[in-house]
Novice: 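Have a look at this one.
Chain identifiers are assigned alphabetically (A, B, ...) following the order of the sequence lines, protein sequences preceding nucleic acid strands; residue numbering begins at 1 within each chain.
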Amino acid sequence: MSPFLAREMLTLSFQHLWLVVIAITVAAAVAIPGGVLLTRRPGLRRSLLGFASVIETVPSLALFGFLLPLPLLGGIGPHTAITALCLYALLPIVRNTVVGITGVDPAVREAAVAMGMTPQQVLWQVELPLALPAVLAGLRIATVTTIGTATIAAAIGAGGLGVFIFEGIASVNTAMILAGAIPAAAMALVADEGLEWIERKFSRV
Amino acid sequence: MTPPPAVLDIRNLSCRIAEREVLHDIKLTIEAGETVVLLGRSGCGKTTLLKCVNGLIPASRGEIVFQGRPVAEWDPFRMRRAIGYVIQDFGLFPHWTVAANAGLVPKLDGWAADALEKRVNLVLDAVGLPPHEFGARYPRGLSGGQKQRVGIARALAADPPLLLFDEPFGALDPITRFELQRHFLELRAHFHKAALFVTHDVREALMLASRIVLIKNGTVDLVATPGEFLSGATEESRAFLASLDGGRKNE
Ligand SMILES: Nc1ncnc2c1ncn2[C@@H]1O[C@H](COP(=O)(O)OP(=O)(O)O)[C@@H](O)[C@H]1O
Ligand SMILES: [Mg+2]
């Protein structure tokens with residue numbers, strides 16, 4: 001491998017990682033509080049989770065395409081890609097937050113309330129700690145998927161490892177495709193293992 | 001000398017859930033050191049009555065006065081912290097140690113760390129769980145009987161004047177249940193609290209009660225000491241007494 005290609009690979013890997021980190025951070029910041037809110041509103045829960053499931057079924061290339069003409073969110077460049085990646089990452093995080101909190105033993109919640117905890121105390125000291133393993137699992141699933149989906153971001157000029165893959169396809173150059181695919185796969189594996197390790201550390205119960 | 005006000009005074013309480021009157025015109029007072037057992041079939045409204053006392057369900061008529069003050073006028077969170085509560089399914093926090101579980105209410109009340117630790121050690125000892133052995137363990141490693149001992153320690157920890165028990169021994173095997181019932185009597189003699197104890201087990205009622213309040217379809221059917229209860233003054237009390245024989249008459 002030429003030094004030029006190696007340097008290019010490193011740059012694109014960092015770009016790729018950057019897209020993923022931003023997208024997951026923003027998604028988590030929306031999805032975790034959103035998931036908590038949905039556990040308080042069963043009606044809203046059904047409609048919003050349904051809506052998020054629909055987004056999930058839109059093919060990613062198409063979603064990038066739909067976002068392109070939109071003001072602010074759309075256009076050529078990384079922010080469109082980040083918006084799309086965020087939308088995809090929302091569902092697993094919201095769903096796992098909801099599942100984690102609604103899965104808390106009703107007797108535990110009943111006792112917490114009966115012993116005089118305020119709703120805030122029940123949330124922060126009981127529900128969230130007990131839901132944490134599920135929330136972390138949601139983050140892991142979202143991260144691993146986003147690392148894969150982010151390769152398509154190159155199609156709208158957002159950079160990342162997809163650049164190699166698209167160039168490789170265009171020039172029928174298998175080595176070039178692998179130069180994009182292998183680091184992306186490695187990144188996904190490392191993220192999966194690392195986040196699973198954290199998850200295990202927090203699920204002693 | 002005028003007697004001190006009752007710890008709990010339930011005055012003509014009625015309570016509706018989902019348009020149905022679940023409790024009707026309940027009258028009941030409890031003094032310190034007394035255990036009032038609410039006895040009744042499943043679904044007769046026992047849990048609902050405890051939840052009304054704890055401010056979890058509002059009264060639709062009448063009122064409940066706790067320590068001289070109507071429940072509706074209390075800050076609900078402060079009031080609940082002044083009432084111990086023990087439930088059948090334990091409800092221990094699985095992510096907290098035994099000591100942390102037992103110390104929940106004093107911690108919410110903002111006790112200093114050393115006073116909290118002393119109090120937790122005292123109540124764990126009182127329920128028969130030596131703190132050096134059990135304090136650092138988690139609920140998942142405990143037997144049902146041990147879990148409920150922690151539940152009772154938690155209810156006692158902030159030294160509340162009133163304790164509510166909702167079928168606390170219903171999930172335990174008969175031998176463990178009997179151990180905890182005997183232990184309950186020791187604790188009552190030691191701590192001298194007012195207790196409102198729910199059960200559908202007439203044997204348990206006879207063993208633990210200062211007074212039995214028999215509930216039928218959300219109304220008080222009979223108030224009696226265990227001795228008086230045995231004479232079977234109402235049809236419902238005779239139905240419960242018949243279950244004591246366990247069909248032995250037919251042998
Ligand atoms: N959340 C609720 N919604 C509708 N009905 C309820 C609810 N809670 C209790 N009830 C009804 O109120 C009655 C009394 O229930 P409960 O107090 O739990 O009885 P017990 O504790 O004596 O078994 C029952 O008939 C039950 O079906
Ligand atoms: Mg009940």
Novice: Indicate the atoms forming the closest heavy-atom contact of B:N54 with A:A114, along with that distance.
Specialist: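 Smallest interatomic distance, heavy atoms only, reads ND2-O, 3.3 Å.
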Novice: Tell me whether B:R41 at atom CZ has more than 12 heavy atoms from other residues, nucleotides or ligands lying less than 6.0 Å away.
Specialist: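 No, not enclosed.
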Novice: Using a 4.5 angstrom heavy-atom cutoff, name the option from B:L92, B:V105, B:L164, B:I87 with the most pairs to chain A.
Specialist: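 Looking at each of B:L92, B:V105, B:L164, B:I87 in turn, B:I87 comes out on top.
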Novice: Against chain B, label A:V113 side chain, backbone, both or neither, depending on which of its atoms sit under 4.5 Å from a heavy atom there.
Specialist: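 Both backbone and side chain of A:V113 come within 4.5 Å of chain B.
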Novice: Surrounding CZ of A:R46 (heavy atoms of other residues, nucleotides or ligands, distance under 6.0 Å), is the total greater than 12?
Specialist: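 At most 12 heavy atoms, drawn from other residues, nucleotides or ligands, come within 6.0 Å of this atom.
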Novice: May I ask you to list the residues in residues 143-159 of chain B that approach chain A closer than 4.5 angstrom, counting heavy atoms only, ordered by number?
Specialist: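 Within residues 143-159 of chain B, the residues that come under 4.5 Å of chain A (heavy atoms only) are B:R154, B:A155.
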Novice: How close do B:G91 and A:A111 get, heavy atom to heavy atom, and via which atoms?
Specialist: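 Nearest pair, atom of B:G91 first, then A:A111: O-CB, 3.3 Å.
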Novice: Applying a heavy-atom distance below 4.5 Å, give me the residues of residues 69-86 of chain B that approach chain A, sorted by number.
Specialist: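 Within residues 69-86 of chain B, near chain A: B:F77, B:R80, B:R81, B:Y85.
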Novice: Could you tell me whether the side chain of B:L104 reaches within less than 4.5 Å of the side chain of A:M117, counting heavy atoms only?
Specialist: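 A:M117 vs B:L104: side chains touch.
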Novice: Could you report the tightest heavy-atom contact between A:V108 and B:P94, atom names first, then the distance?
Specialist: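 Reported closest heavy-atom pair: CG2-CD, 4.0 Å.
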Novice: Please say whether more than 12 non-hydrogen atoms of neighbouring residues, nucleotides or ligands are located less than 6.0 Å from CH2 in A:W18.
Specialist: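 Incorrect, the count does not exceed 12.
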Novice: Heavy-atom cut-off 4.5 Å, strictly under: side chain, backbone, both or neither for B:L56 against chain A?
Specialist: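 The side chain, not the backbone.
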Novice: More than 12 heavy atoms of other residues, nucleotides or ligands under 6.0 Å from CD of B:Q181: is that the case?
Specialist: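 Atom CD in B:Q181 is crowded, with more than 12 foreign heavy atoms closer than 6.0 Å.
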Novice: Counting C-beta onward and ignoring hydrogens, is there a side-chain heavy-atom pair between B:H95 and A:Q125 closer than 4.5 Å?
Specialist: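 Result no, sub-4.5 Å side-chain heavy-atom pair not found.
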Novice: Where is the tightest heavy-atom contact between A:A107 and B:D89, given as atom of each residue plus distance?
Specialist: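 The pair with the smallest heavy-atom distance is CB-CB, 3.6 Å.
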Novice: For the CD atom on B:E133, are there more than 12 heavy atoms of other groups (residues, nucleotides or ligands in this structure) within a distance under 6.0 Å?
Specialist: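 Counting neighbours around CD of B:E133, more than 12 heavy atoms of other residues, nucleotides or ligands fall under 6.0 Å, so yes.
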